Amino acid sequence: MPVLQIRDLKKSYTAPDGTESAVVDVPKFDLESGAQAALAGGSGSGKTTLLNLIAGILRADSGSIRIGDASMTEVSEPARDSLRAREIGYVFQTFNLLQGFTARENIELGMMFGRGVDRAHAAHLIGRVGLTDRADYRPRQLSVGQQQRVAIARALANKPRLVLADEPTGNLDPQNARECLALIREVCRESGAALLLVSHDTGILDSFPLRFQLSDINRAAQPAATTGGPR
Amino acid sequence: MILGLLKIVGRSLRQHVLSTVVTVLSAALAAGLVMAVFSIKQQTHAAFVGGPAGFDAVLGARGSQLQLILNSVFHLETSPGNIPWEMYREIAEDSRVELAIPYAVGDNYQGYRLVGTTEELFTRFEYRKGVRFECTEGGRFFDPALREAVIGSVVAEKTGLRVGSTLNPYHGLVYDPKMKHAEKYVVTGVLKPTNSPSDRVIWIPIEGIFRMGGHVLRGTGTEFKPEAGSEIPDEHKEVSAVMLKFRSPMAGFQFDQMINRQGKAATLAWPISKVMAEYFDKMGWVDRVLALVAYLVVLVSAGSILASIYNSMNERRRDFAILRALGAKRRVIFTTIVTEAALIAGLGGILGWVVQMGILAGAAVVIRDQTGVVLELTQWHPALAIAPAGMLVLGAIVGIVPAFNAYRTDVAENLSPVS
């Protein structure tokens with residue numbers, strides 16, 4: 001059964017001059033449970049908007065998104081928040097860690113709004129991303145690669161069914177990018193979570209057997225101008 | 001969830017430690033001021049209106065009842081004049097009077113006034129129900145036939161006089177080094193503190209005031225200078241006031257009719273507490289101005305809490321967006337900010353107790369030196385609970401503005417650049 005089902009999803013923005021411009025227009029998109037897929041798209045192609053719609057951060061104009069059995073589009077905002085907390089892990093390009101909290105606390109914060117704080121699981125995750133000795137470090141005390149590892153652990157904190165990764169290696173050097181990408185894929189595989197990763201980097205996209213051009217599924221998107229050329 | 005929320009609030013406060021500390025201190029100052037104003041008001045009111053319970057009334061020269069009380073009970077102000085000794089004898093022998101003690105004033109020592117009186121002040125007068133004046137160890141009350149003095153605890157502390165010390169009184173109620181009397185008095189006792197104006201008095205035998213060099217008696221209307229070694233005829237004696245305790249409230253009413261309404265020779269200030277209450281009512285505007293100033297400081301403090309949190313909103317918008325992306329509901333963000341504001345104000349309110357005690361300690365020194373009334377730093381007043389609670393609520397209310405701002409945070413816009 002698909003963990004993610006999108007049907008006739010539409011989202012448009014009103015430009016300052018008053019004109020409406022469609023950003024997302026996805027007739028159909030499914031992602032099977034435990035699958036790992038990459039979405040290729042250039043700047044302004046609506047990648048982040050699509051992920052935010054899936055995560056329930058943005059509200060769709062029309063259409064439906066289902067996460068497993070639950071609808072993300074037919075419920076109130078608080079219900080979307082709960083669904084996001086419990087079923088979706090999100091890895092950002094800029095990590096988005098809370099600077100006032102340690103690595104361990106950032107992971108526990110992720111749990112707080114979902115299935116509740118589980119210190120043992122948080123410790124396991126921190127060990128899994130190789131940061132046991134840095135658990136009590138604040139983000140500023142960590143390298144960018146280590147910060148993204150914390151973000152990956154946080155995304156897995158609530159044992160989600162779907163992990164969304166938005167350009168997760170965009171701010172990392174090639175070495176860290178490779179390691180983090182491998183880590184995301186490993187931990188998602190281990191936990192059984194499906195992974196939907198968006199990127200414009202062909203090197204990354206090539207490593208995914210299941211990959212899509214955003215322009216193929218999003219009628220509002222222009223063909224991708226990825227770093228390695230359109231695919 | 002609540003613990004997690006408090007943790008978020010705590011971290012936020014730590015991240016903005018300087019502005020947090022300054023804001024908490026401003027809230028503490030505001031709460032402390034409010035508490036101090038009401039506490040001082042309550043204690044001074046109680047001391048002046050309910051304090052001199054030992055006497056019911058004061059009999060003195062025709063004039064202002066308030067001046068009579070301030071002069072004889074609180075040992076402030078000048079004496080409104082004297083009344084003949086005969087008047088004291090008459091009222092003292094009246095069956096409706098339980099106790100009548102004469103006071104004669106006119107001299108001071110380093111600004112502390114000497115009050116001439118009789119031994120009954122020490123042997124019969126109870127300044128509080130069941131409590132009489134007592135000397136500290138090694139002291140005794142004066143012998144009325146000798147030049148001896150019993151001093152209050154504040155006098156002892158401020159002048160350094162001890163049992164065995166000698167003092168030369170100065171003429172008048174205001175200290176003037178040029179007005180030194182030749183008579184030398186020996187201190188025989190230091191009174192234990194009573195937390196009343198009596199602590200600021202030097203008690204000497206009433207004959208001492210009569211016979212002080214340069215004093216003249218006008219009991220008959222003509223001047224009489226007492227001579228050493230000879231008795232002073234009663235008709236020449238006069239007193240500044242007679243402190244009275246009646247056997248029943250009806251007696252006070254009857255004397256009031258007789259002395260104040262039908263007679264013209266003297267004034268009876270009765271009941272003392274009522275006269276003082278009327279005085280405090282007239283002076284109520286001072287309390288209201290002080291309270292208004294305190295409330296204004298509270299408002300300024302509330303404004304500083306609002307400004308402090310509101311100014312931090314821009315840099316924290318991303319944090320709110322991250323929390324929302326992690327699944328925090330808008331109301332959690334709202335509650336976090338309201339809690340933060342309430343916590344700052346509440347902490348200030350609690351620290352306000354310390355500020356209040358500091359203000360009270362400062363005020364207590366001045367009030368004790370001026371009036372003998374001692375403020376209790378730890379005396380309970382409802383304001384001690386209401387002010388911190390009020391600050392907490394006020395903090396929560398002013399927190400609503402930035403909380404609403406945070407509530408409206410656009411998650412997608414504040415997370416990362418849209419691609």
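Given the structure is predicted, the values throughout are model-derived calculations rather than measurements.
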request  = Would you sort out whether B:I8 and A:L109 count as a side-chain contact (heavy atoms from CB on, under 4.5 Å), showing the intermediate values?
outcome  = CA-CA 9 Å; B:I8 294 170; A:L109 264 178; 3.9 Å; yes
inquiry  = Less than 4.0 angstrom from a charged side-chain N to a carboxylate O is my criterion; do B:K7 and A:E105 meet it?
reply    = yes
task = Using the side-chain contact (heavy atoms from CB on, under 4.5 Å) rule, take B:R318 and A:T94 through it: C-alpha gap first, then chi angles, then the decisive distance, then the call.
result = CA-CA 11 Å; B:R318 186 178 170 84; A:T94 48; 3.2 Å; yes
query = Considering residues, nucleotides and ligands other than B:W380, do more than 12 of their heavy atoms fall under 6.0 Å from its CH2?
reply = yes
task = Quick one: closest heavy-atom pair of B:L415 and A:N96, and the distance?
result = O-OD1, 3.3 Å
ask   = Within a reach of under 6.0 Å around CZ of B:F280, are more than 12 heavy atoms found that belong to other residues, nucleotides or ligands?
value = yes
note = For A:F113 and B:L326 the tightest heavy-atom approach is CB-O, 3.7 Å
task = Could you tell me which of A:V117, A:L98, A:V23 has the largest number of non-hydrogen atom pairs under 4.5 Å with chain B?
result = A:L98
note = Here the pair of heavy atoms bringing A:I57 nearest to B:A412 is CG2-N, 3.8 Å
query = Does the A:R84 side chain pair with the main chain of B:A325, one donor and one acceptor, at a distance under 3.5 Å?
reply = yes
ask   = At what distance, to the nearest 0.5 angstrom, does CZ of B:R11 lie from CZ of A:R138?
value = 5.0 Å
request  = Give a yes or no on this: more than 12 heavy atoms of other residues, nucleotides or ligands lie within 6.0 Å of atom OH of B:Y407.
outcome  = no
key: For the student: nearest non-hydrogen atoms of B:G327 and A:A85, plus distance   = CA-CB, 3.7 Å
request  = Compare every heavy atom of A:L97 with every heavy atom of B:I322, then report the nearest pair and how far apart it is.
outcome  = CD1-O, 3.9 Å
Contacting region of A:E77 [heavy-atom separation from chain B under 4.5 Å] = side chain
inquiry  = Given heavy-atom pairs under 4.5 angstrom as the criterion, report whether the side chain, backbone, both or neither of A:R154 touches chain B.
reply    = side chain
remark   = Result for side-chain contact (heavy atoms from CB on, under 4.5 Å) between A:P78 and one of B:K329, B:R330, B:R331 points to B:K329
